[in-house]
There are 2 protein chains.
Amino acid sequence: MSTSPVSPDAETATAGAVDSTTAPPRAPKAATIYDVAQAAGVSHQTVSRFLKGFEGIRPETREKVEQALDELGYRPNLTARSLKSGRSHRIGALTHEISQVGPGRIVEGASAAAREAGYVLDIIALDARNPRAIEESLAIITQHDLAGVLALASTDEMTHAFETTAFRVPAYVAAESDGVPDDPRTKLSSVGLPAVVAHLAELGHRRVVHIAGPHTWSASRNRMRAFESAVEAQGMHSEAILHGDWSARSGYEAIAGLAELPGATAYVAANDQMAIGAMLALKERGLRIPEDVSVVGIDDIPEAAYLDPPLTTLRNDFEAQGRAAVHQLLALIEQSEPRPVTVPPPLLVVRRSSGPVLQAG
Amino acid sequence: MSTSPVSPDAETATAGAVDSTTAPPRAPKAATIYDVAQAAGVSHQTVSRFLKGFEGIRPETREKVEQALDELGYRPNLTARSLKSGRSHRIGALTHEISQVGPGRIVEGASAAAREAGYVLDIIALDARNPRAIEESLAIITQHDLAGVLALASTDEMTHAFETTAFRVPAYVAAESDGVPDDPRTKLSSVGLPAVVAHLAELGHRRVVHIAGPHTWSASRNRMRAFESAVEAQGMHSEAILHGDWSARSGYEAIAGLAELPGATAYVAANDQMAIGAMLALKERGLRIPEDVSVVGIDDIPEAAYLDPPLTTLRNDFEAQGRAAVHQLLALIEQSEPRPVTVPPPLLVVRRSSGPVLQAG
DNA sequence: CACCCGAATGTTTTCGACAACATTGGGTGG
DNA sequence: CCACCCAATGTTGTCGAAAACATTCGGGTG
């Protein structure tokens, strides 16, 4: 049957409140190197030299400065520093859909990596509903002088925007390529999506369907290519490629919208959310998971282990991806070698949503 | 039975790659008002006045400036501006768990609201694993001169840190209060959690259990209080308050860990993730949802409608909350009236996970 | 003993925007 | 006919840090 899962628009409304203010102690001015210099009885430049770790300072002078420094609780004014030096310690990050697990984690990782390197991350969250969002965001970026710019969601528009925009600073587009490195030697390894497909092959599956993400996302295309080449390599048959938009709703609709189901025994969704939707739609068609059909996702969102049935999926380390992106950008900014970043390989997590093909079929 | 949902640690590993670099056109210097002034044949101050919308400028002068301005593609240097004016256009936002739907959406809303007001949001993502995270983040904040500081995750530590830190700028702790305004008149209204409880009461439920979040989160405490007072108001009985950490896993364990189930016919989780875990644990105990037991969540995450069964939940408008928080802060910053922010009330969304108590019971 | 050198420290300038103050040039009232 | 006023525009100083340049002082050398 096809009972729709209740349109998300329903009943009763209610009133809620938000917020509460705090008015704690407000620190007064803020010490400058001049204040410190005066307190220490030296010139501001001596203080500046001390701060930069200059060696040639007499021990007694050094001590006076040191003392004045923490007496006044001096904190460098980064704004002044940027103005003079022409470079800030801020990284701009353009991203979509922060609230999704993947992007969210990537931002977390990026934020942490940036902080560790002494930078802060300025998040520019793109509003998907606003077609001019990217344009506007780039305008903002060019003003707030940043040390570099990062694109954390690599859709085609984003990539294109980055390629055609003349930034005054290094820019980097972080893209993932799921287990299908361009290096042909690794193409058939039991890595990433190939591992998923191999897993299904072992279980006896021959006919599979892929539920892909939006074709404008490079991650989506990568996953699709990876899937198809793995299927081919295993001598399996891809019955269909359905398309969603990463959401559970789209996964549901991709299948609920079909006049009749393809004769596949396994479905591989490009992310867990779509897998969730797909599972519900399949169940509503009267199929049991995994007895009648196996479903596999990608990402291993925290809820994946607690679905019914728990979802077999490919775990991605998003945080590491975020960190990696920042390190790459920092390398460009600081003209250094891109520190060897280790993004752990995707890990196949087998749960109950995938099972052997039953002979009875 | 109690087949555990397969520990999230499993099989096969794989290698994946990340990233790809772009080296697009790099814009050269950047025009200053002096450059513009020279090009227009006027003084830089005239340019400045033009930019600030000063009226008393001769039309011909105005025109020259205007032309030079866009010929050079002038963009104000916000750094210099902040240095001089002592105030930046950046808002620092401290937050936890961005990858969760709630916090993530809040950040999106805050980011958008900030941008609309001409500010950018500097995200400081707190690492939950690092106990000194808040401290470190506050240190960062004091340096990067910000126009204001926002706490978007109101745990006790965060609130405490904000209350005891002497910021040089306005600070605001955004807290939600779910349908339990302090105003006693509205206490029993059919709002927020009271609406959830009323819904259950209508279905004939009398004995309920709450799965709360961590007690250090104010949102969690609010929800718990709201739940209990609503239950009392309906003459129902709260069988137990279980505690989780917002995760699906914790929801699962809260119930799977019980020696025997409380004799309740309905479970209300403080968020949807815990509801997901709870549903699985209940099913594994052999209970059917909603025939044997009803489960309700809070938040209405996008997947909620596609779970099995689709989850009855209370929809929160996180984006609006984020916007509201920014507006409150901006009011403090700009010493203006806190623009009346409308955070839509939580909306009860009834799906299939809640149903009438069966007489047979 | 004059001179040179370099270590240690001080003074000035610069970054870009902007504000306070200064100057120019018409027009007008006395 | 000139002092005065005001509109329009120019000049100088400020913000905090830091680089460029300058000065001081002690010691060694010819």
Side-chain angles (χ1 to χ4, degrees), chain A residues 27-66 68-69 72-90 118 142-147 168-169, chain B residues 27-66 68-69 72-90 118 142-147 168-169:
Chain A
K29 38 254 168 168
T32 74
I33 52 172
Y34 290 87
D35 301 327
V36 174
Q38 185 168 20
V42 300
S43 93
H44 66 99
Q45 186 58 2
T46 301
V47 177
S48 171
R49 279 190 267 258
F50 174 88
L51 291 171
K52 302 197 66 190
F54 180 66
E55 292 298 323
I57 298 180
R58 232 176 323 189
E60 61 188 74
T61 308
R62 177 181 296 274
E63 194 171 332
K64 284 189 298 183
V65 173
E66 203 154 350
L69 224 37
L72 296 181
Y74 171 80
R75 299 267 157 236
N77 178 327
L78 297 186
T79 302
R81 186 176 292 176
S82 318
L83 175 58
K84 172 60 180 171
S85 66
R87 58 176 52 210
S88 69
H89 276 183
R90 302 163 54 197
T142 56
Q143 294 187 34
H144 285 264
D145 68 2
L146 303 165
R168 220 171 298 115
V169 295
Chain B
K29 37 256 171 164
T32 73
I33 52 171
Y34 289 87
D35 301 328
V36 174
Q38 186 169 21
V42 300
S43 92
H44 63 99
Q45 186 58 2
T46 302
V47 177
S48 171
R49 281 191 266 258
F50 174 88
L51 291 172
K52 302 198 68 190
F54 179 67
E55 293 296 324
I57 298 180
R58 233 174 323 184
E60 62 189 73
T61 307
R62 177 180 295 275
E63 194 170 333
K64 284 189 298 182
V65 172
E66 204 155 351
L69 225 35
L72 295 181
Y74 171 80
R75 300 266 157 234
N77 178 327
L78 297 186
T79 302
R81 184 176 296 177
S82 326
L83 176 58
K84 169 63 180 170
S85 64
R87 57 176 53 211
S88 69
H89 276 183
R90 302 161 57 196
T142 56
Q143 295 186 34
H144 285 265
D145 68 4
L146 304 165
R168 221 172 299 113
V169 296

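Within every chain, numbering begins at 1; the chains are lettered A, B, ... in the order of the sequence lines, protein sequences first and strands thereafter. Worth saying up front: this structure is predicted, and the values here are computed from it rather than measured.
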Checklist line | Between CZ on residue B:Arg49 and CD1 on residue B:Ile33, distance to nearest 0.5 Å | finding: 10.5 Å
Margin query: Between P on D:dA18 and NZ on A:Lys84, what's the gap in Å once rounded to a whole number?
Written below: 10 Å
Margin query: Categorize B:Thr61 for me: base, sugar-phosphate, or nothing, with a 4.0 angstrom heavy-atom threshold over every strand shown.
Written below: sugar-phosphate
Note to self: I need the CZ-P distance between A:Arg87 and D:dA17, as an integer number of Å.
What the structure shows: 19 Å
I'd like a table of atom pairs between the protein and nucleotides 24-27 of chain D - only N or O on both sides, under 3.5 Å - with the distance next to each one.
none

Note to self: From C-beta outward on B:Pro76, which listed nucleotide comes closest to its side chain: D:dC15, C:dT14, C:dA17?
What the structure shows: C:dA17
Item checked: Rounded distance in Å - CD (B:Gln38) to P (D:dT11) -> 13 Å
Checklist line | Length of the line joining A:Glu60:CD and C:dA7:P, which is rounded to integer Å | finding: 18 Å
Next item on the list: Please figure out whether B:Arg58 or A:Arg81 has its closest DNA chain D nucleotide nearer the 5' end.
Entry: B:Arg58
Notebook entry, point to check: Where along residues 39-50 of chain B does a heavy atom fall under 4.0 Å from DNA chain D?
Noted result: B:Val42, B:Ser43, B:His44, B:Gln45, B:Thr46, B:Arg49
Check: Base, sugar-phosphate alone, or nothing: which one does B:Ile57 contact when heavy atoms must sit under 4.0 Å apart?
Finding: sugar-phosphate
Notebook entry, point to check: If we fit an axis to the first five pairs and another to the last five of the helix from C:dC1-D:dG30 to C:dG30-D:dC1, what angle do they make, to the nearest 10°?
Noted result: 80°
Next item on the list: Check every atom of C:dT9, C:dA19, D:dG13 against the side chain of A:Phe54 and return the nucleotide holding the closest atom.
Entry: C:dT9
Item checked: Protein-nucleotide distance (B:Glu63, atom CD; D:dT9, atom C1'), rounded to Å -> 18 Å
Item checked: Length of the line joining A:Ile33:CD1 and C:dT9:P, which is rounded to integer Å -> 16 Å
Next item on the list: Tell me whether the OP1 or OP2 atom of C:dA17 has a side-chain N or O from B:Lys52 closer than 4.0 Å.
Entry: no
Note to self: Working to the nearest 0.5 angstrom, can you tell me the gap between B:Glu66 CD and B:Ile57 CD1?
What the structure shows: 10.0 Å
